[in-house]
Amino acid sequence: MLMNHRYGLLAWNGEMARLLLDFDTLAPSRRNAMWLCLMRREMHEFPVDRERVVWEGIAHLRAAGAAHPTCSW
């Protein structure tokens with residue numbers, strides 16, 4: 001799976017789709033790893049330490065926002 005600095009899903013293979021979910025079934029605006037981790041019930045159990053993963057993801061998004069202040073989010 002390939003993501004950008006905002007956790008947007010840019011590319012994935014069949015194995016990743018079978019492991020998590022079929023990203024082709026999602027609207028392009030919903031193909032975001034952080035959004036999926038927070039909002040999709042089936043993804044809540046995937047990370048072993050979900051709370052840590054979410055907090056680190058939020059920290060990464062804040063850092064990406066500071067590094068790319070002119071980027072349209």
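- One finds the NE2 atom of His68 at 9.0 Å from the CZ atom of Arg6 (value rounded to the nearest 0.5 Å).
- A donor-acceptor pair is defined here as one N or O able to donate and one able to accept, closer than 3.5 Å; no such pair exists between the side chain of His60 and the backbone of Trp55.
- With rounding to the nearest 0.5 Å, the separation of CG in Leu61 from CD in Glu56 is 12.0 Å.
- The neighbour count for Glu51 CD, taken as heavy atoms of other residues, nucleotides or ligands under 6.0 Å away, does not exceed 12.
- Minimum interatomic distance between Val54 and Cys37 (heavy atoms only, all atoms of both residues): CG2-SG, 3.9 Å.
- Side chains of Phe23 and Met16 form a contact here, defined as non-hydrogen atoms less than 4.5 Å apart.
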Intermediate values then yes/no, side chain to side chain contact (heavy atoms under 4.5 Å, CB included), Trp12 and Arg31: CA-CA 11 Å; Trp12 55 89; Arg31 293 178 186 160; 3.6 Å; yes
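- The heavy-atom pair separating Gly57 from Met34 by the smallest distance is CA-CE, 3.1 Å.
- Shown are Leu26, Leu20, Asn4, Leu36; of these, the side chain to side chain contact (heavy atoms under 4.5 Å, CB included) with Leu9 is made only by Leu36.
- Among all heavy-atom pairs drawn from Asp22 and Thr25, the shortest one is O-OG1, 2.6 Å.
- With a 4.5 Å cut-off on side-chain heavy atoms, Arg50 and Leu38 count as touching.
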